[in-house]
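Below is one structure, written out as structure tokens; comments come after it.
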Amino acid sequence: MSVPSSPRSATTFDPHDPLGIDDLLTPEDLAVRDTIRRWAADRVLPHIAEWYERGELPVIRELTRELGAMGALGMPLTGYGCAGASAVQYGLTCLELEAADSGIRSLVSVQGSLAMYAIHRFGSEEQRQRWLPGMAAGELIGCFGLTEPDHGSDPAGMRTRAKRDGSDWLLTGRKMWITNGSVADVAVVWARTDDGIRGFLVPTDSPGFSAPEITHKWSLRASVTSELVLDEVRLPADAVLPEVTGLRGPLGCLNHARYGIVWGAMGAARSSFESALDYARTREQFGRPIGGFQLTQAKLADMALELHKGILLAHHLGSRMDAGTLRPEQVSFGKLNNVREAIDICRTARTVLGANGISLEYPVMRHATNLESVLTYEGTVEMHQLVLGKALTGLDAFR
């Protein structure tokens, strides 16, 4: 990661900010960004290659508490210990965290934009008071159970079922690919009921609840990923989220989280681009740095082009979110474009590094493999293409 530069004159060209995007940021935005960047450089970057290679995040609770102390959990939410930050500031946080590793950004996204957002937006006041202060502080960890082994892109087909038993609820089913699952204190679980799909707050120490960790992953290795198993988990009546019924609940949460991905993917891309740029300046072949060859410069120019276009797009969407005018279709624009371009930047950066590009001494291959998961979760390429296709034509091609 580059160290924030001092103020520049209008005639100075900064290879790390060629379009002067920093000029769009307020002093408060820059302070948030630089705080997260320094934290990631100190607490994540020295260890992330080892965590990734070992396939674990051994200090997840410690990191979560530190993120909470910085106000990074549930960042755009207000009250209950949340920072009440702007959407742009939250986006910058996601960018800096994913520049360290997608797994760290996923931890924050699931905690804040999925679990905490669901409770804040759809929960009762009692539920908010019970869970949100501890989650904002990082003392409690949440997860979000929507995807199932047989139902990912089509959540309407979910099989997890909640049925009434007197005044209680009994939940039975399975959820799959759940970030934070095996370390969570509370799971937001979406289930089919006689009244439609409802959200439930499930304390993870409830009898009948288990969360076996998913291993043997080649992507998001420095992230806790689990299955949720619910075997007639008994919950009181007040465990249900009272303010929403139907898929608009979980889909609204996903849209909020996708916004963070629009920024985060550019963090992985920036890290890979900067590695390639630094390498091209120092790696010598045929008697001079490879950055002096036309084909290498073409790769660097193309990577810089897509990287900073993506950051501009993310900033534009953040400004619209802050203004209250951001539409779900616009988030699909960002998620589809930025993740796809980020993967391409990582792959191109790998070619600049040659064989060294596959080494964990450099972040490029780690980012590339992580982004393969980011490309799929919270809406595949195909699903976002269909969202945009429907918006453009007015015709529904989902079925």
Side-chain angles (χ1 to χ4, degrees), residues 17-26 28-30 32-33 36-37 72 74-78 82-99 102 105-106 108-110 112-114 116-117 120-121 248 250-271 273 304-345 371 374-392:
D17 185 21
L19 296 179
I21 297 175
D22 279 5
D23 295 339
L24 300 175
L25 304 178
T26 68
E28 292 77 14
D29 296 339
L30 293 169
V32 168
R33 183 197 68 181
I36 300 297
R37 184 179 295 185
M75 202 169 176
L77 305 178
T78 57
C82 301
S86 71
V88 168
Q89 290 166 3
Y90 173 59
L92 290 165
T93 295
C94 290
L95 187 151
E96 295 300 330
L97 292 175
E98 193 144 354
S102 298
R105 197 269 308 145
S106 293
V108 169
S109 288
V110 170
S113 290
L114 291 179
M116 291 177 67
Y117 180 82
H120 193 278
R121 175 67 179 82
R248 72 177 183 89
L251 294 184
C253 298
L254 287 173
N255 195 61
H256 198 262
R258 286 180 191 126
Y259 164 76
I261 292 174
V262 176
W263 285 89
M266 291 295 98
R270 188 192 72 191
S271 175
F273 167 74
L305 191 70
E306 296 305 327
L307 169 62
H308 295 285
K309 282 163 58 179
I311 295 174
L312 275 175
L313 173 57
H315 188 277
H316 172 67
L317 297 184
S319 297
R320 292 189 65 80
M321 180 176 278
D322 281 327
T325 57
L326 183 64
R327 292 188 53 83
E329 298 90 345
Q330 294 165 344
V331 178
S332 287
F333 262 97
K335 208 270 186 179
L336 175 61
N337 180 81
N338 283 14
V339 181
R340 197 160 57 179
E341 294 302 329
I343 290 178
D344 193 54
I345 289 169
L371 285 170
V374 180
L375 188 72
T376 294
Y377 70 39
E378 298 188 34
T380 64
V381 165
E382 294 81 2
M383 295 306 291
H384 288 295
Q385 286 173 326
L386 294 180
V387 168
L388 294 177
K390 179 180 178 181
L392 293 168

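The figures here come from the full heavy-atom set of this structure, side chains too, leaving out hydrogens, waters and symmetry mates.
You'll find the side chain of V331 stays beyond 4.5 Å of the side chain of H256, heavy atoms only. Within the 4.5 Å cutoff, the side chain of I36 has no heavy atoms near those of the Q89 side chain. Proximity of W263 to Y90: side-chain heavy atoms (C-beta onward) are nowhere separated by under 4.5 Å. Looking at H384 and F333, their side chains never come closer than 4.5 Å, going by heavy atoms from C-beta outward.
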| task | Show your reasoning for whether side chain to side chain contact (heavy atoms under 4.5 Å, CB included) applies to L24 and V88. | result | CA-CA 10 Å; L24 300 175; V88 168; over 6 Å; no
(request) May I have the step-by-step check of side chain to side chain contact (heavy atoms under 4.5 Å, CB included) for V108 and M75, ending in yes or no? (result) CA-CA 9 Å; V108 169; M75 202 169 176; over 6 Å; no
Audit row: C82, M116, side chain to side chain contact (heavy atoms under 4.5 Å, CB included) steps and yes/no
CA-CA 10 Å; C82 301; M116 291 177 67; 3.7 Å; yes
Exercise for the section: Please report the C-alpha distance between R270 and I345 in whole Å, then the side-chain angles of each, then the deciding distance to 0.1 Å, and finally whether the side chain to side chain contact (heavy atoms under 4.5 Å, CB included) criterion is met. Expected result: CA-CA 9 Å; R270 188 192 72 191; I345 289 169; over 6 Å; no
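In this structure, Y377 and S106 approach most closely via the heavy-atom pair OH-OG, 2.7 Å. Annotation for V262 and G334: closest pair CG2-C, 3.5 Å, computed over non-hydrogen atoms. Counting all heavy atoms, side chain and backbone alike, P328 lies closest to N255 at CA-OD1, 3.5 Å. Taking both residues in full, the closest heavy atoms of C94 and S109 are given as SG-OG, 4.5 Å, listed atom of the first, atom of the second, then distance. Among all heavy-atom pairs drawn from T78 and H120, the shortest one is O-NE2, 2.9 Å. Taking both residues in full, the closest heavy atoms of G310 and N338 are given as O-ND2, 3.1 Å, listed atom of the first, atom of the second, then distance.
With sequence neighbours left out, R258 forms a salt bridge (charged side-chain N to carboxylate O under 4.0 Å, His left out) with no residue at all.
Distance CD1/I311 to NE2/H316: 15.5 Å, rounded to 0.5 Å. Atoms OG and CG, on S271 and L95 in that order, are 10.5 Å from each other to the nearest 0.5 Å. To the nearest 0.5 angstrom, L307 atom CG is 10.0 Å from D17 atom CG. A distance of 13.0 Å separates CG in L317 from CZ in R327, rounded to the nearest 0.5 Å. Here the CD-CD distance, from E382 to Q385, works out to 6.0 Å after rounding to the nearest 0.5 Å. S86 OG to D322 CG: the interatomic distance, rounded to the nearest 0.5 Å, is 4.5 Å.
With hydrogens and angles disregarded, no donor-acceptor distance shorter than 3.5 Å links the side chain of S102 to the backbone of E98. K335 places no side-chain N or O within 3.5 Å of a backbone atom of V381 that could act as its donor or acceptor partner. When atom types are taken as modelled, the side chain of Y259 and the backbone of M321 share no donor-acceptor pair closer than 3.5 angstrom.
In the model, T26 has a side-chain atom that pairs as donor or acceptor with a side-chain atom of D29 under 3.5 Å.
Ring geometry, H308 versus F273: the interplanar angle exceeds 60°, so the pair is classed perpendicular (tilted spans 30 to 60°).
Counting non-hydrogen atoms of other residues, nucleotides and ligands closer than 6.0 Å to CZ of R121 gives a total of 12 or fewer.
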